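As structure tokens, the structure follows; a few thoughts come after it.
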Amino acid sequence: MAVPRNRHSNARKNKRRSHLAKTSKNTQVCSNCNKETLPHRVCGACGHYAGKSVVWAKGAE
Ligand SMILES: [Zn+2]
């Protein structure tokens, strides 16, 4: 394995890590049950996608 020759300063390390921050997830509201869901995903609460029931989930009638 390659071994680093020189120590990198804390400033250099911190500059490298300036791009690593996590961003908040973008969420939408389910049109069937009004719960928060991820876009382009089946709703985890009611199993609906694009206005149709596609998965039988707990709490669905
Ligand atoms: Zn839903």
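In this text the structure is predicted, and so the values were computed from the model without any measurement. Counting starts at 1 for both ligands and their atoms, in listed order.
- When the shell of 6.0 Å around CZ of Arg12 is examined, it contains 12 or fewer heavy atoms from other residues, nucleotides or ligands.
- Of all protein atoms, those that are N, O or S and lie under 2.8 Å from the Zn ion (ligand 1) total 4.
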Report all side-chain donor-acceptor pairs from residues 22-31 shorter than 3.5 Å, counting only partners two or more places apart or in another chain.
none

Practice problem: For Arg41 and Tyr49, run side chain to side chain contact (heavy atoms under 4.5 Å, CB included): C-alpha distance rounded to whole Å, both residues' side-chain angles, the deciding distance at 0.1 Å, then the answer. | Solution: CA-CA 7 Å; Arg41 259 64 151 203; Tyr49 182 76; 5.8 Å; no
